[in-house]
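Below you'll find the structure, written out as structure tokens, and then a few comments.
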Amino acid sequence: MTVVGASLSGLYAARELRAQGFDGRLVIVGDEPHRPYDRPPLSKDFLTGRADEDRLALTDAEECAGLDAEWLLGIRARGLDARGPTVILDDGRTVSTDGVVIATGASARRLSGDGLLGVHTLCTVDDARALRAELAAGQRRVVIGGGFIGAETASSCAALGHDVTVVEAAPLPLLPQLGPDMAAVCAALHRRAGTCLVTGTGVAGFRRSGRASPGAVIGVKLSDGRTLPADVVITGIGAAPNTGWLAGSTLALSGGVLCDDGCVTGIPQVVAVGDVARAEGTRTEHWTSATEQPRFAVGNLLAGRTVATLRSLPYFWSDQYGARIQFAGRRQESDTVGIVEGALDDGGPAEGGSSPSMSVPAGRQRCSRSTAPVPSCASAVNLSRSEDPVERATR
């Protein structure tokens, strides 16, 4: 068996292959030189220096020995011949296999001109290392995109004492994910921390210093004509699934690798998991999905057909300015939010005491500072003091 992608979901797939009885040759291909590591801390504790790279590791020497896998790291897969199936590597080698788990994840979307010095994306540990080094100099930070990565990065920069501006094209940050009520609470978190939040305008380009190539960024040009001075710019405008290497294969690709709700593609010997998988028309970029899907995908791969499907409640979290936002379920446009516990102060959670718990009439949306588990309901939002969800999920 071959796992393409030394990612979180790729590691979980390798674990499941062994746990479910596969004792043959196991190959794990990864385009980064690193073994699987945890990405959520990259925009938080790692960026602020509170966590080093050794704390990001998702596996250790003992487990790797137990997996008995052949690791091909720093090598990109460039093709898949589904007739074998055979994975074609960038260095010309091929890996013939009985089955393939596609776990190649997603890459940060980029803006035109982001090759300037001082302009960063934040998706890999190498990205985070380069950004952390630059944060030691200068003070003016502009974050493009008020989504989860952008908000968390802005929070980290503010914690380091920098002047931070977040540019968000929508009227509020995280509006599509959380809806207007909770998005307004997130906007209040930015405001309270002293972060400048610029909404309702896009980015037209960058200002650069000098004429030498590539030059360094000195400002961000907005679509409304303003220019924001900047020493460092971080773009957090979403991610695109890494499916380019599958072009020319017989797999169906459309905003990810198309598969059923058991993560099985049109070829029973090929399954997809994690950020790259579009299962039953939905691609989910969340830690919990990446850890839940492999069990079902591997079971179906070993069976040669879909025998089990995943019907989990979507769940994700985000740490911003000392608060943890947790969301479970699927938000609908018809959802309305009412405060059932605690209170808001100036648009955000009241300082001290119990902060607001919010829900729709059916109890489908919720927000509180409680560290209790998120309820199993149609949709829920929980705002709490930080707790490590990775640790909690592995208990």
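Predicted, not measured: the structure shown is a model, and the values here were computed from it.
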If you group Ile, Leu, Val, Met, Phe, Trp and Tyr by side-chain heavy-atom gaps below 4.5 Å, do Leu26 and Leu73 land in one group?
-> yes
Ile102 vs Val270 side-chain heavy atoms within contact, under 4.5 Å = yes
Counting only heavy atoms not in Arg76, do more than 12 sit closer than 6.0 Å to its CZ atom?
-> no
Please report the closest heavy-atom contact between Cys123 and Ser107, naming both atoms and the distance.
-> SG-CA, 4.2 Å
Centres of the Tyr321 and His190 rings: under 6.0 Å?
-> yes
Taking all atoms of both residues into account, what is the closest heavy-atom pair of Cys186 and Ile325, and its distance?
-> SG-CD1, 3.3 Å
If you look only at pairs with a residue in residues 243-254, which of them pass as a salt bridge (Lys or Arg N to Asp or Glu O under 4.0 Å), with sequence neighbours excluded?
-> none
Can you check whether Val232's main-chain N or O pairs, donor with acceptor, with His120's side chain at less than 3.5 Å?
-> no
For the student: nearest non-hydrogen atoms of Thr235 and Arg109, plus distance = OG1-O, 4.3 Å
Could you walk me through whether Val271 and Val298 pass the side-chain contact (heavy atoms from CB on, under 4.5 Å) check?
-> CA-CA 8 Å; Val271 298; Val298 165; 5.9 Å; no
Mark yes or no for whether Asp45, through its side chain, and Ala51, through its backbone, hold a donor-acceptor pair below 3.5 Å.
-> no
side-chain contact (heavy atoms from CB on, under 4.5 Å) with Val87: which of Val27, Asp81, Thr2?
-> Thr2
Say whether, by atom type as modelled, one donor and one acceptor occur between the side chain of Ser7 and the main chain of Gly105 under 3.5 angstrom.
-> no
In sequence, state the C-alpha distance, the side-chain angles, and the governing distance for Trp317 and His286, and then conclude on side-chain contact (heavy atoms from CB on, under 4.5 Å).
-> CA-CA 9 Å; Trp317 76 89; His286 301 318; over 6 Å; no
For residues 261-277, which residue pairs qualify under side chain to side chain donor-acceptor pair (under 3.5 Å), counting only residues two or more places apart or in two chains?
-> Asp261-Arg311
With side-chain contact (heavy atoms from CB on, under 4.5 Å) as the test, would you mind laying out the steps for Arg305 and Val264 before giving the verdict?
-> CA-CA 8 Å; Arg305 60 189 178 90; Val264 179; over 6 Å; no
Checking side chain to side chain donor-acceptor pair (under 3.5 Å) for the pair Asp90/Trp245: CA distance, chi angles, key distance, verdict?
-> CA-CA 10 Å; Asp90 237 1; Trp245 68 283; over 6 Å; no
Identify the heavy atoms of Pro173 and Ala183 that sit nearest to each other, and give their distance.
-> O-CB, 3.1 Å
Polar side-chain atom of Thr48 near backbone of Lys44 as donor-acceptor pair, under 3.5 Å | yes
Count the heavy atoms of every other residue, nucleotide or ligand shown that sit under 6.0 Å from CZ of Arg15, and state whether that count exceeds 12.
-> yes
Could you give me the CA-CA distance, side-chain angles and deciding distance for Arg39 and Glu32, then say whether salt bridge (charged side-chain N to carboxylate O under 4.0 Å, His left out) is met?
-> CA-CA 13 Å; Arg39 294 177 189 262; Glu32 294 184 57; 2.9 Å; yes
Main-chain N/O of Leu67 paired to Arg18 side chain as donor or acceptor, under 3.5 Å | yes
Donor-acceptor contact below 3.5 Å, side chain Glu168 vs main chain Leu174 | no
Please answer whether the main-chain N or O of Gly274 pairs with a side-chain N or O of Gln293 as donor and acceptor at a distance below 3.5 Å.
-> yes
Check Val164, Val167, Val166, Val203 against Val142 for a side-chain contact (heavy atoms from CB on, under 4.5 Å) and give me the one that passes.
-> Val167
Smallest heavy-atom separation, Phe206 atom then Ser112 atom, equals CE1-O, 3.7 Å
Yes or no on side-chain contact (heavy atoms from CB on, under 4.5 Å) for Phe327 and Gln177, after CA distance, side-chain angles and deciding distance?
-> CA-CA 9 Å; Phe327 191 102; Gln177 295 89 348; over 6 Å; no
Check: Ser289 side chain, Thr284 main-chain N or O, donor-acceptor pair, under 3.5 Å | no
Report yes or no: do Leu310 and Phe316 belong to one cluster of Ile/Leu/Val/Met/Phe/Trp/Tyr joined by side chain heavy-atom distances under 4.5 Å?
-> no
For the pair Asp231 and Arg140, find out whether any cationic side-chain nitrogen is under 4.0 Å from an anionic carboxylate oxygen.
-> yes
Is Tyr37 reaching over with its side chain to a backbone N or O of Val125, donor-acceptor style, under 3.5 angstrom?
-> yes
Side-chain (Asn300) to main-chain (Val307) donor-acceptor, under 3.5 angstrom = yes
Would you mind checking if Arg55 and Asp52 are paired as a salt bridge, meaning a charged N to carboxylate O distance below 4.0 Å?
-> no
Where do Glu152 and Ser318 come nearest, in terms of heavy atoms and distance?
-> OE2-OG, 2.8 Å
